[in-house]
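One structure is given below, encoded as structure tokens.
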Amino acid sequence: VDFPAIVIDDSGVCDHCREFDRFRPHIERYFKTEEDFVQLTRQAGAGASSDYDCLLLYSGGKDSTYVLYRLIDYGLRVLAFTFDNGYISDAAFENIKKTTAALGVDHMTGHSDNMNKVFVESLRSQHNVCHGCWNALNTEGTRIAHLKGIPMVISGLSRGQIIDMRLNGLLKAGILDPLDMEEKLLLFRQGFFSSENRFMRIMNTPIPPDVVEKILFIDFFRYFPEPVQEIRDYLRQKGWIQPSDTGFCSSNCVINDAGIAVHQRGAGYHFYEEPLSWDVRLGIISRKQGLDEISFPPDLEKAERILTEIGYFAAPEVRDVVVLNNYDKNGNMVLTAFITADTRMTVMELREYLSGHLPDYMIPTYFVQMEEIPLTANGKVDRKKLMESSSGILDSGVAYTAPRSEREKAVAALFGRILKIEHIGVHDNLFSLGATSFDMIQAANLLNQELGIGAPVILLFEHPTIAGFLQHFQPESVEDTAEENKEWLSARQDGKDKLRLRRQKNRMEE
């Protein structure tokens with residue numbers, strides 16, 4: 001199966017496997033045992049006054065159904081919560097009904113009136129539906145657990161999904177200790193339930209900020225390395241039936257094929273390739289089983305119909321657009337889009353819309369919004385005047401304020417590298433520009449290594465603008481004198497040179 005940007009060395013081993021070998025000890029340390037699970041759930045449930053010990057995020061698929069059976073085996077009082085995203089199959093709901101009735105488990109179903117908007121946001125920003133659906137399920141499940149005083153929320157994410165969604169970015173950012181990982185994941189959850197999370201704003205589901213600290217979030221398969229075949233054999237004995245109306249890669253959801261189609265078009269590969277590749281390396285699933293799961297193309301006719309239903313193809317109110325080749329300050333050719341629109345557009349709105357129709361490499365680097373596209377006397381586009389309009393490059397939706405001091409310029413350049421965006425204003429919200437939690441961790445490390453700014457990650461979450469968090473390091477004024485700036489930047493450059501020499505030495509020793 002093709003995978004983007006893969007490099008195979010002379011021995012026939014790909015760089016992803018090399019990376020896995022490098023991270024494997026840290027991954028194995030993160031995963032725990034059944035005894036750890038028992039101890040953890042007992043501690044979390046001690047003294048809880050709720051009628052339930054835990055809330056299970058229950059999709060009705062094979063993994064979460066298996067988890068439900070196992071939780072009952074451990075004597076836990078479970079509230080099974082299913083989020084109906086509008087595309088759960090009838091066969092999956094029948095499995096849910098039969099399983100909860102057989103186990104005598106209380107069951108709740110939730111939904112969101114804004115779910116289609118969540119799907120569109122997920123498709124345009126992440127090229128899949130699962131990311132948005134997980135956000136919605138997690139949000140609604142946490143809200144219910146909070147209202148009912150339930151001390152634990154448990155998920156059925158596979159080990160491959162845990163690595164892909166939770167650990168991969170941390171490992172690449174140099175966060176290797178399990179305790180450090182848990183600390184950063186807690187910060188992610190705090191950011192997830194904040195107003196900075198775009199999915200939270202779309203869903204309009206208020207959750208108090210201290211909920212994350214009161215509820216324990218547990219990924220069941222962090223403690224249980226159950227192979228896929230054993231799960232299927234177990235469920236078959238219990239009477240669970242694989243739905244036949246959900247496509248090839250889902251055991252509960254009809255919209256999944258639409259997400260796979262968009263991911264293949266936008267990212268260039270199958271959405272399930274990466275988590276399944278982790279499961280293969282961990283021995284959770286055989287390579288043949290993994291390939292069998294993703295070797296079938298999505299139903300494109302059904303995908304187009306569903307994408308139309310949820311409003312994925314609805315365009316921003318753009319009247320005209322011209323895209324030209326241009327060159328950045330480094331002499332690299334880039335695409336610049338000049339647009340006219342009825343309302344003020346943001347870079348993120350335009351990029352998200354275009355990501356649904358174009359592969360990533362065809363999305364323009366720069367966007368310039370204009371009143372009218374200039375024309376020559378012959379009625380053709382006046383390219384010269386367009387190129388003179390570069391000062392109108394769009395920002396994140398607020399008035400653009402260029403970095404003023406050398407320190408602000410250095411920090412803006414660092415974030416520009418991470419986010420692959422130039423012209424970041426000091427008041428631009430970094431999350432609105434597309435920064436993820438993992439980007440913030442990487443930024444915190446680089447701020448310290450390259451610029452000598454020891455910014456805690458939580459500070460970047462709480463103040464996601466350059467001017468905002470730099471105030472904690474420049475409390476008196478954001479305007480440094482020119483001489484102070486030169487000394488500060490020179491000192492930082494000395495540190496970068498020493499770091500570069502140390503890295504070169506380490507590579508030579510390796």
Side-chain angles (χ1 to χ4, degrees), residues 168-175 180 184 187-188 191 196 328-332 334 346-348 351 360 365-367 393-475 477-482 484-504 506-507:
N168 208 12
L170 293 174
L171 293 168
K172 291 179 179 178
I175 311 298
D180 289 340
K184 296 301 185 294
L187 290 177
F188 289 178
E196 297 297 339
D328 64 16
K329 63 182 180 182
N330 298 317
N332 300 312
V334 294
T346 68
V347 169
M348 289 307 298
R351 284 185 176 142
D360 290 344
T365 303
Y366 300 110
F367 293 85
I393 290 175
L394 290 179
D395 50 58
S396 60
V398 299
Y400 177 75
T401 302
R404 296 152 289 190
S405 67
E406 292 298 329
R407 181 174 299 190
E408 288 182 345
K409 291 176 183 177
V411 173
L414 185 146
F415 274 104
R417 258 174 32 225
I418 294 173
L419 301 179
K420 297 180 175 59
I421 298 174
E422 292 193 26
H423 304 285
I424 296 179
V426 295
H427 299 302
D428 290 345
N429 187 301
L430 298 168
F431 287 113
S432 296
L433 292 176
T436 66
S437 300
F438 295 125
D439 290 330
M440 290 304 198
I441 287 181
Q442 182 185 7
N445 290 341
L446 292 178
L447 283 167
N448 185 43
Q449 293 174 6
E450 298 186 7
L451 303 181
I453 300 178
V457 176
I458 187 63
L459 188 64
L460 297 177
F461 277 88
E462 293 175 345
H463 304 282
T465 68
I466 293 171
F469 80 82
L470 276 184
Q471 285 182 354
H472 292 264
F473 301 94
Q474 309 174 98
S477 173
V478 296
E479 297 289 345
D480 295 334
T481 66
E484 286 174 336
N485 286 331
K486 289 179 181 178
E487 293 177 359
W488 180 85
L489 201 59
S490 176
R492 299 288 70 77
Q493 186 61 48
D494 288 343
K496 288 166 66 177
D497 291 340
K498 291 177 182 178
L499 178 64
R500 188 180 301 109
L501 290 172
R502 187 164 69 248
R503 286 175 173 170
Q504 288 175 348
N506 290 338
R507 283 197 294 269

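Since the model is a prediction, treat every value here as computed from it, not as a measurement. The figures here come from the full heavy-atom set of this structure, side chains too, leaving out hydrogens, waters and symmetry mates.
- In this structure, CD1 in Ile424 is found 9.5 Å from CG in Leu414, a value given to the nearest 0.5 Å.
- The shortest distance between side-chain heavy atoms of Ile453 and Leu470 falls below 4.5 Å.
- Closest heavy-atom contact between Glu408 and Arg404: OE1-N, 2.8 Å.
- Residue Ile466 holds its CD1 atom at 6.5 Å from CZ of Phe415, rounded to the nearest 0.5 Å.
- A distance of 7.5 Å separates CG in Leu187 from CD1 in Ile441, rounded to the nearest 0.5 Å.
- Residue His427 comes nearest to Thr465 through the heavy atom pair O-CG2, 3.7 Å, listed as atom of the first residue, atom of the second, then distance.
- Side-chain atoms of Asn445 come within 3.5 Å of backbone N or O of Ala173 as a donor-acceptor pair.
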Go through the steps for Arg417 and Leu446 under the test side chain to side chain contact (heavy atoms under 4.5 Å, CB included), then give the verdict.
CA-CA 11 Å; Arg417 258 174 32 225; Leu446 292 178; 3.9 Å; yes
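- Leu460 and Met440 make their closest contact through CD1-O, 3.5 Å (heavy atoms, listed as atom of the first residue, atom of the second, distance).
- The line from CG of Leu170 to CZ of Phe188 is 5.0 Å long, rounded to the nearest 0.5 Å.
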